[in-house]
Protein chains: 4
Amino acid sequence: MPKISDAHREMRRAQILDAAWRCFYREGVQATTMEQIIKEADMSASAMYRYFGGKDDIIFSAISSSLTAVGKLLEPIVARDLAPAVLVERVTSDIETFSHREGYNLAAIAMHGWSEAQRDEKVRELIRGFYLGFREQLVARVVRWQAEGAVAPDADVAEVAKALQSIILGYVVQMSIMRDVDPAAHARGLAALLGAGR
Amino acid sequence: MPKISDAHREMRRAQILDAAWRCFYREGVQATTMEQIIKEADMSASAMYRYFGGKDDIIFSAISSSLTAVGKLLEPIVARDLAPAVLVERVTSDIETFSHREGYNLAAIAMHGWSEAQRDEKVRELIRGFYLGFREQLVARVVRWQAEGAVAPDADVAEVAKALQSIILGYVVQMSIMRDVDPAAHARGLAALLGAGR
Amino acid sequence: MPKISDAHREMRRAQILDAAWRCFYREGVQATTMEQIIKEADMSASAMYRYFGGKDDIIFSAISSSLTAVGKLLEPIVARDLAPAVLVERVTSDIETFSHREGYNLAAIAMHGWSEAQRDEKVRELIRGFYLGFREQLVARVVRWQAEGAVAPDADVAEVAKALQSIILGYVVQMSIMRDVDPAAHARGLAALLGAGR
Amino acid sequence: MPKISDAHREMRRAQILDAAWRCFYREGVQATTMEQIIKEADMSASAMYRYFGGKDDIIFSAISSSLTAVGKLLEPIVARDLAPAVLVERVTSDIETFSHREGYNLAAIAMHGWSEAQRDEKVRELIRGFYLGFREQLVARVVRWQAEGAVAPDADVAEVAKALQSIILGYVVQMSIMRDVDPAAHARGLAALLGAGR
DNA sequence: GATGAATGAGTCTTCATTCAT
DNA sequence: AATGAATGAAGACTCATTCAT
């Protein structure tokens, strides 16, 4: 009897979070009203409050689920044995693909999440934790590059990972603001710059 | 006589925009209320509407004036003859300094501005225009690096500038979310990565 | 077969009314929500509506059953042959005992009932009817006091009963507001005052 | 300039509290909506919130101002040199007169206040403090009766005052529930009862 | 007979903006 | 030019009640 209830509950929650992101993407997180989310999710106000404690809960859960989705997307790429510029290309390319396939702009969502993080410490901790986890994976990647001789043996791997993460995050910014970047071209530009290190 | 009025007007506008940023930084752009700005600027509601058309006008003007300030800060650095990693270090270092000196977090402001850009096309055009202008300066810088042999002669300078801009923007993201980056270390990490291009 | 059903029905109704009073006592009658009663009675919303027509029905029935309980409590006391001050002491003492034994504060319940009576004529009629019935018993008591010479032969027994009822009701008020009254002390104070009539 | 503001403020607050009592009297405290008070006070919702922090603030202030009014009414009566039954008659008679003159039923208001006191400790403390203050005046009165020989010299004056207060409070209850009491008849009944103490 | 998810109307409160003074 | 009291519309959230299962 309650078996249906549990699966049903998760389905409803996902339906609501999806609707929320479609609104957040269009209107911004704070400017989105509960009424908009409710209408987008095609349910009643009171039904919504059965699944989430309130607007803050929806915002937090939406950002959280978004990060989980991005994590699932990027983890396998970083695990592969790719050179720096190629890694950046694959990551940015997958972000682009994911954005368009899912119907909501992942880059726009990131901007809203970062903004929200500035005013809500809990959200900042959530995003920060996720990014630090991703950075750990980058560190592991850099360690292997170092073993292969692709990175100087005396380099601080943590510092390299931070620089690498800057490039990826900066791409997302340009993707959502200038909208004139392209994974392949960006990777070529990076590769040319990498050669400049000599 | 109207000269004083004009100067007065500009002073009042600046006072309001400063107050607005202090609020936006704490609360987020959309979540900030006019009442908060009014109290922070220490003036009456009606006085406020004498200097700005409304909330949207304040948001747009605040972002615009912020960009102008950042432009003035960065232009001289890009004009100097610095190697890539050094350039990035100087730019990020100046952003850090500027943030703390002015009493409001420039990185946080950037997040809010980018978020706002996703829902207000006019704001996006404003920021985009500014970033494209900055990129032009980076292109000029890359051209000179190419002339000096620091960048491969067959590289597309626009692509290189975009990659460079990613690094700077990504630094700002990490500065506002992870808050564990440091201009010098970040530049060292980048330098190590640049050497990887061989 | 319908006999069990009837007994079951009455048990369920009593269970609900008990739960309702525990809520009313804590939250006030109007401020109590159906959800609170439902949770306190540990049943489903729809089950509740099978036994009562709605919130108003529960309120009315709860007050009614409460009055019945108080009636059963007080009737035997008034029937006994006690002097005025002793009667008041026994009545107030039994109200105190009943309050604590049953786990819900009878005096608090009275306040809520009286308040509800101000806005719902049906409730007022219910309580009024009960109090008039109790007063009848007091009248009978006063008649006997008069016969015994304890009350002046020319006194209007109805007026004396009203005065007596005031003392009892006023005790309940002080019990729920000041919470510093005690049946014995109160009766002693009354006895001292009674002597003042000479 | 702000001189008008202060007088204006108090006038507005009084206007709102008056409107609130008219509503509380009809609907009960909790069941009264802000919309009703707003309409009754003939102002906008936002204007209301300029003068009171919210519904709870209005409730508390309304009860508080009501107690102050009752205090002003009763103090001079208790100060006079009257016999017990006469004192009760004057007090109840003035409460009756005040109720009808002011256009809102003071007894009904008392019921609502007592009920509210059961669920809001701050309200209970407010009312309790007021009643204890009134009781102090009664104690002073009893002391003088004792000096005059109208009360037994060994009686505990505090206990007598409590009994006296019960009679007054109980009258108010009967006034609002049975609505068949009358100050003079009630005082006569009390006097007959007082004589019963011999 | 029982459940608990769903609802629409309503609740308190706040907002950006205006206007009499 | 300046004030700050006032507003109508909208904000988040809750309620008593019903109905498909």
Side-chain angles (χ1 to χ4, degrees), chain A residues 1-2 4-6 8-9 11-12 30-38 41-59, chain B residues 4-5 8-9 12 30-39 42-59, chain C residues 4-5 8-9 12 30-39 42-59, chain D residues 1-2 4-6 8-9 11-12 30-38 41-59:
Chain A
M1 204 183 306
I4 298 167
S5 212
D6 261 22
H8 183 248
R9 182 179 171 78
M11 209 183 298
R12 286 292 245 177
Q30 289 301 320
T32 293
T33 69
M34 286 301 280
E35 201 186 357
Q36 290 170 325
I37 300 176
I38 286 158
D42 195 31
M43 54 182 4
S44 72
S46 4
M48 174 125 278
Y49 283 90
R50 183 171 285 278
Y51 296 100
F52 288 97
K55 200 183 180 184
D56 284 350
D57 189 15
I58 292 178
I59 293 173
Chain B
I4 295 168
S5 202
H8 182 245
R9 183 181 168 76
R12 290 289 248 178
Q30 289 301 320
T32 293
T33 70
M34 286 299 276
E35 201 185 357
Q36 289 171 324
I37 300 176
I38 286 161
K39 182 174 256 179
D42 196 31
M43 48 175 30
S44 73
S46 4
M48 179 123 276
Y49 281 88
R50 190 163 285 280
Y51 295 105
F52 288 97
K55 199 183 179 184
D56 285 349
D57 189 14
I58 291 177
I59 292 171
Chain C
I4 294 169
S5 204
H8 182 246
R9 181 181 170 77
R12 290 289 250 177
Q30 289 301 320
T32 292
T33 68
M34 286 299 276
E35 200 186 356
Q36 289 171 323
I37 301 175
I38 286 160
K39 183 174 256 178
D42 195 30
M43 49 175 27
S44 73
S46 5
M48 178 122 278
Y49 280 88
R50 190 162 284 282
Y51 296 104
F52 288 97
K55 199 185 179 184
D56 284 349
D57 189 15
I58 292 176
I59 292 173
Chain D
M1 205 181 307
I4 298 166
S5 213
D6 260 24
H8 183 247
R9 182 180 172 77
M11 207 183 300
R12 286 291 244 178
Q30 289 301 320
T32 293
T33 70
M34 286 300 280
E35 200 186 358
Q36 289 169 326
I37 300 176
I38 286 159
D42 195 31
M43 53 183 3
S44 72
S46 3
M48 175 125 277
Y49 282 90
R50 184 170 285 276
Y51 297 100
F52 288 97
K55 201 183 180 183
D56 285 350
D57 190 15
I58 292 177
I59 292 172

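Sequence lines set the chain letters: A, B, ... in the order given, protein chains first and strands last, and positions in each chain run from 1. Keep in mind it's a predicted model, so treat the numbers as computed, not measured.
Taking 4.5 Å as the limit, every side-chain heavy atom of A/Q30 sits out of range of all side-chain heavy atoms of B/T32. Proximity of D/K55 to D/I58: side-chain heavy atoms (C-beta onward) are nowhere separated by under 4.5 Å.
Within the 4.0 angstrom heavy-atom criterion, only backbone atoms of the sugar-phosphate kind lie near A/T33; the bases stay farther away. Within 4.0 Å (heavy atoms only), A/Y51 reaches sugar-phosphate atoms of the nucleic acid but no base atom.
Residue B/R50 holds its CZ atom at 10.5 Å from CZ of B/R12, rounded to the nearest 0.5 Å. The distance from atom CD1 of B/I38 to atom OG1 of B/T33, rounded to the nearest 0.5 Å, is 7.5 Å. Rounded to the nearest 0.5 angstrom, C/H8 NE2 and C/Y51 OH are separated by 4.5 Å.
Nucleotide E/dA16 holds its C1' atom 11 Å from the CD atom of B/E35, rounded to whole Å. One interatomic measurement links the two molecules: CD of B/Q30 to P of F/dA12, which rounds to 12 Å at whole-angstrom precision. If you take CE of C/M34 and P of F/dT18, they are 10 Å apart, rounded to a whole angstrom. Between the NZ atom of D/K55 and the P atom of F/dT14 there is a distance of 15 Å, rounded to whole Å. Going from atom CD of A/Q36 over to atom C1' of F/dA12 covers 13 Å, rounded to whole Å. At whole-Å resolution of the value, CD1 in B/I37 and P in E/dC15 are 12 Å apart. Here the C1' atom of nucleotide F/dC15 and the NZ atom of C/K39 are 15 Å apart, to the nearest Å. In this entry the distance linking CE of D/M43 with P of F/dT7 reads 7 Å, nearest Å.
Look at C/Y49 and you'll find a side-chain N or O under 4.0 angstrom from OP1 or OP2 of F/dT17. Not one side-chain nitrogen or oxygen of D/H8 sits closer than 4.0 Å to the OP1 or OP2 atom of E/dA20.
When each of A/D42 and C/R50 is assigned the nucleotide of DNA chain E bearing its nearest heavy atom, the one mapping closer to the 5' terminus is C/R50. Two residues, D/S44 and C/A31, neighbour DNA chain F, and the one matched to the more 5' nucleotide by heavy-atom proximity is D/S44. DNA chain F is contacted by both B/A45 and C/T32; B/A45 maps to the nucleotide lying nearer its 5′ end (nearest heavy atom per residue). Along DNA chain E, the nucleotide nearest to B/I38 and the one nearest to A/R12 differ in position, and the one closer to the 5' end is contacted by A/R12.
Across all strands shown, the partner of E/dT7 is F/dA16, judged by Watson-Crick or G-U wobble contacts whose two distances both fall under 3.5 Å. Across all strands shown, F/dA1 remains unpaired; no Watson-Crick or G-U wobble contact has both distances below 3.5 Å.
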